[in-house]
Amino acid sequence: MPNTKRTLVTGGSGFLGSYLCESLLADGHDVLCVDNFQTGSRRNIEHLLGHPRFELMRHDITVPLYVEVDEIWNLACPASPVHYQSDPVKTVKTSVMGAINMLGLARRTKSRIFQASTSEVYGDPHIHPQTEGYWGNVNPNGPRSCYDEGKRCAETLFFDYHRQYNVQIRMARIFNTYGPRMSENDGRVVSNFVVQALKGEPLTLYGDGSQTRSFCYVDDLIRGFRALMSCDDSVPQPVNLGNPTELTILELAELVVQLTGSRSRVEFRALPGDDPLQRKPDISRATDMLKWKPEIALRVGLERTIKYFDAHLSGRQTRIHLELMDAGDTGIPAAPMHIIGRNGDGARI
Ligand code: NAD
Ligand code: UDP
């Protein structure tokens, strides 16, 4: 196989996919970006459209695709709970039929194929932090099941295509990842909080805010993707990719308010059904086998994300004095945190 490959990136105009396309192009590969634009945006890949090695194809991966490629990256699937729950049947089809179609393509073209799996396969985990050996605690018929079970079934298909047809697979279990280019209306917590803080609107905190997550900056994750795809067959699959720094969602809200210098308050809302109480990756496998670990601290990644959204919203919103951030951590004034509203039980906070 030549060093420069004909790569296919499904979901390439989404948040993560657009960074992956850039990374592959930078290393000299051809990139065929395939997307149905359900949640992705042309804006994410606009700067790549004139590139001689970049091609964009509007296509839905629930339909078979006949192209000649050397390497497949399967990222197509809405990732935000708001989006994947808005058409749950379509979400299952994308994960399951999309996996079958892309695995069939990998089999025919003898391409190595990467699957963007998720920490959601662990559901509401009883093991903490989550190791790859944990089978998970997943509700098969709740509001998140279309995503969780769809991704679990995709994992099954990937391993069966490997065992039955010897397809070369690489599988990342991705933990919450954030950064510039998330969509303003994405509904995920980092984009929601940052946009709300910049607009001076209340931060919508679901539940009492004690649930935890561990947030990985997008550049770290893409570096992990590339290391995983190029690793040899001795590396056991799947591999957790995420940042193990865990914090509560209330702590995240406080940090966003502090970093934006916003006067926003926190407004408590009901916790959505089946929302996992805790999540933190055990990344020993990635550290040992891929020599990968995240390098961007949450505070630094959030500052970059805030700058992005501030520029994105500019003209419509009060400017936040982000230049203060360039003074480093110690230069950021701690803004007071105002908490109002009701928790999930309707009690006054
Ligand atoms: P995203 O919603 O920004 O991107 C998904 C992309 O897939 C979009 O461009 C969308 O239009 C496209 N798409 C959806 N259904 C499709 C279909 N049927 N055919 C073709 N294209 C389709 O989400 P993201 O954050 O970039 O996530 C990318 C992948 O990583 C997803 O598979 C997601 O499940 C996985 N993942 C992401 C995270 C995260 O924190 N960002 C965490 C775990 C897993
Ligand atoms: N969340 C929140 N306010 C929001 C959006 C999300 O409090 O505006 C909470 C959500 O209930 C969950 C956590 O933040 O506990 C992470 O949510 P997200 O949708 O980003 O990711 P996921 O639940 O898939 O990990």
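Each ligand, and each atom within it, is numbered from 1 in the order the structure gives.
- Closest to atom 13 (C) of ligand 2 among all protein heavy atoms lies I249 CD1, 3.7 Å.
- Looking at ligand 1, you'll find an N or O of R188 within less than 3.5 Å of one of its N or O atoms.
- Between V189 and ligand 2, at least one N/O pair is under 3.5 Å apart.
- For ligand 2, the polar-atom distance check finds no N/O of Q196 at less than 3.5 Å from any of the ligand's N/O atoms.
- Contact annotation: for Y147 versus ligand 1, heavy atoms closer than 4.0 Å belong to the side chain alone.
- Every N/O-N/O distance between R188 and ligand 2 stays at or above 3.5 Å.
- Contacts of V190 with ligand 2, taken as heavy-atom pairs under 4.0 Å, are absent altogether.
- Looking at N192 next to ligand 2, an N or O pair under 3.5 Å apart turns up.
- Proximity of D60 to ligand 1 is established by a heavy-atom distance of less than 4.0 Å.
- Figure legend: R188 and Y178 shown without cation-pi pairing, the cationic atom not lying both under 6.0 angstrom from the six-membered ring centre and within 45 degrees of its axis.
- Contacts between S117 and ligand 1, counted as non-hydrogen atom pairs separated by less than 4.0 Å, involve the backbone only.
- Ligand 1 does not have R173 within reach: every non-hydrogen atom of the residue lies 4.0 Å or more from it.
- Using a non-hydrogen distance threshold of 4.0 Å, K93 does not register as a contact of ligand 1.
- Ligand 1 does not have G98 within reach: every non-hydrogen atom of the residue lies 4.0 Å or more from it.
- With a heavy-atom cut-off of 4.0 Å, E120 does not touch ligand 1 at all.
- Looking at atom 3 (N) of ligand 2, its nearest protein heavy atom turns out to be T204 O, 2.5 Å.
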